[in-house]
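Right, one structure below, let's go through it.
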Amino acid sequence: MNQQELTVIEHIEELRKRLVLSAVFFVISLIGAFFLAKPLITYLQATSTDHNLQLHAFNVTAPLMIYIQMTFLISLIITSPIILYQIWAFVSPGLRDIERRATLSYIPYSFILFLAGLAFSYFILFPYMMNFMMLLSNDLEIEQTIGINEYFSFLFRITLPFGFLFQMPIIMLFLSRIGLLNPIWMVTFRKYAYFVLFVLAALITPPELLSHLIVTVPLFILYEISIFVARYGYRKYLKSEEARIKEQTEREQQLQIEQALQAQRAQIEAMQDDKH
């Protein structure tokens, strides 16, 4: 087995270890999430009463499925910082010390941004969309009978994507900090990125202009913030690379000096041996 094959096997083994650790923490957090799921479901149901909705279970297993989904969701949120740390620990050997310290500090901000995305979608976007749906039903003289499974599926479909979309600035900062992303590319392809975000907003929201704008505008702002932080991260990367090249050059010069001195000493010793 050659060295390259050994390295690949070591990387696979390291990845397996990180995945196992993440899975263990996820299972442990399921225990706590099991007790948190009920009060959270009760709290979220209060939103339905604000809109004069009475939720119904159209099959026997619907409440159980919602309980299980909520438990897994809470556990995923609790475990997300640990999962992010395991990802960082897997890629960190390829980073310099200063890059490892810098990128490790991004994990708390990533978790905060995830919670901010959930809060934005739940407290701002979701109520507006529910009001729009109810007004539309009243205008059409339709009496809505909503199942609890459909209600929470709609809630998850609105809120969860924003938790991940709000990660955009920190992801761009991380990629630029390690040199994989140049902010010039983000500026060059801005119009294409805007189009993708516009389509994503259309997939998340109902076919209504104002709700679409409520989603699209924050996504555009997030992209512009991502460009700003990517520039900061890329400047740090360039300084780090400059320092690395300088250190490497100094090491090479020192090695050349040592080799020259060693060769000189060898010549002196050879001359002394010839005299004897």
Side-chain angles (χ1 to χ4, degrees), residues 7-44 64-123 152-153 155-181 200 204 219 222 225-226 229-230 232-233 236-237 240:
T7 303
V8 172
I9 293 175
E10 290 175 349
H11 278 80
I12 294 175
E13 180 62 24
E14 178 70 13
L15 179 60
R16 186 192 67 83
K17 184 180 73 172
R18 300 297 175 186
L19 291 175
V20 169
L21 285 174
S22 299
V24 169
F25 280 108
F26 180 79
V27 172
I28 294 174
S29 65
L30 279 174
I31 300 174
F34 181 81
F35 297 99
L36 295 174
K38 181 180 177 180
L40 184 56
I41 292 174
T42 303
Y43 171 76
L44 294 176
L64 176 62
M65 295 304 298
I66 294 299
Y67 198 91
I68 293 175
Q69 291 176 15
M70 186 61 68
T71 301
F72 272 83
L73 177 59
I74 296 173
S75 180
L76 179 62
I77 294 174
I78 294 174
T79 318
S80 59
I82 298 172
I83 296 175
L84 290 173
Y85 174 78
Q86 297 303 325
I87 295 174
W88 174 86
F90 179 71
V91 302
S92 62
L95 305 177
R96 300 175 66 242
D97 290 339
I98 188 171
E99 292 173 338
R100 278 196 288 267
R101 291 193 296 270
T103 53
L104 180 61
S105 65
Y106 299 161
I107 294 178
Y109 295 108
S110 177
F111 183 68
I112 292 172
L113 285 173
F114 183 80
L115 296 180
L118 294 180
F120 168 80
S121 56
Y122 179 72
F123 291 107
F152 276 93
S153 296
L155 174 63
F156 294 154
R157 186 168 68 87
I158 296 300
T159 56
L160 287 181
F162 274 89
F164 295 105
L165 288 172
F166 268 57
Q167 303 291 305
M168 190 191 311
I170 205 70
I171 292 174
M172 298 305 177
L173 177 59
F174 174 76
L175 294 178
S176 62
R177 186 65 181 81
I178 62 177
L180 294 180
L181 177 67
L200 286 176
I204 295 173
L219 291 182
L222 278 175
I225 294 175
S226 299
V229 297
Y232 169 80
K236 289 290 186 179
Y237 165 74
S240 177

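At least one side-chain heavy atom of Ile41 sits under 4.5 Å from a side-chain heavy atom of Phe152. A heavy-atom distance below 4.5 Å is found between the side chains of Leu160 and Leu73.
Salt-bridge annotation for Arg18 and Glu14: present, with a side-chain N of the basic residue lying under 4.0 Å from a carboxylate O of the acidic one.
The main-chain N or O of Thr71 is never found under 3.5 Å from a side-chain atom of Ser75 such that the two would form a donor-acceptor pair. One N or O on the side chain of Gln167 and one on the backbone of Ser110 form a donor-acceptor pair closer than 3.5 Å. Remark: side-chain polar atoms of Ser80 are paired, donor with acceptor, to backbone N or O of Ile77 under 3.5 angstrom. Judged purely by atom type and a 3.5 angstrom limit, Tyr85 has no side-chain atom pairing as donor or acceptor with the backbone of Leu104.
Going from atom CG of Leu173 over to atom OH of Tyr237 covers 14.5 Å, rounded to the nearest 0.5 Å. Note that CG of Leu118 is 11.0 Å distant from CG of Leu113, once rounded to the nearest 0.5 Å. The CD1 atom of Ile170 sits 12.5 Å away from atom CZ of Arg177, with the distance rounded to the nearest 0.5 Å. Residue Ile158 holds its CD1 atom at 8.0 Å from OG of Ser121, rounded to the nearest 0.5 Å. Here CZ of Phe164 is found 10.0 Å from OG1 of Thr159. Values are rounded to the nearest 0.5 Å. Rounding to the nearest 0.5 Å gives a distance of 12.5 Å between CD1 of Ile225 and CE of Met172.
Closest approach of Leu40 to Met70, counting heavy atoms only: CD2-SD, 3.5 Å. Residue Ala230 comes nearest to Ser176 through the heavy atom pair O-OG, 3.3 Å, listed as atom of the first residue, atom of the second, then distance. Across all non-hydrogen atoms, the minimal contact from Leu219 to Met168 is O-CE, 4.5 Å.
Each of Ile74, Ile68, Leu76 was evaluated against Phe72; a single residue qualifies, Ile68, per the side chain to side chain contact (heavy atoms under 4.5 Å, CB included) test.
Tyr122 has its ring centre no less than 6.0 Å from the ring centre of Phe162.
For Tyr109, the ring pair (Phe, Tyr, Trp, His ring centres under 6.0 Å) test picks out no residue, with sequence neighbours left out. Evaluation of the ring pair (Phe, Tyr, Trp, His ring centres under 6.0 Å) rule for Phe156 yields no partner, not counting sequence neighbours.
Within 6.0 Å of the CZ atom in Phe111, the count of heavy atoms belonging to other residues, nucleotides or ligands exceeds 12. Atom OH of Tyr67 has more than 12 heavy atoms from other residues, nucleotides or ligands within 6.0 Å. Within a 6.0 Å sphere centred on CZ of Phe34, other residues, nucleotides and ligands contribute 12 heavy atoms or fewer.
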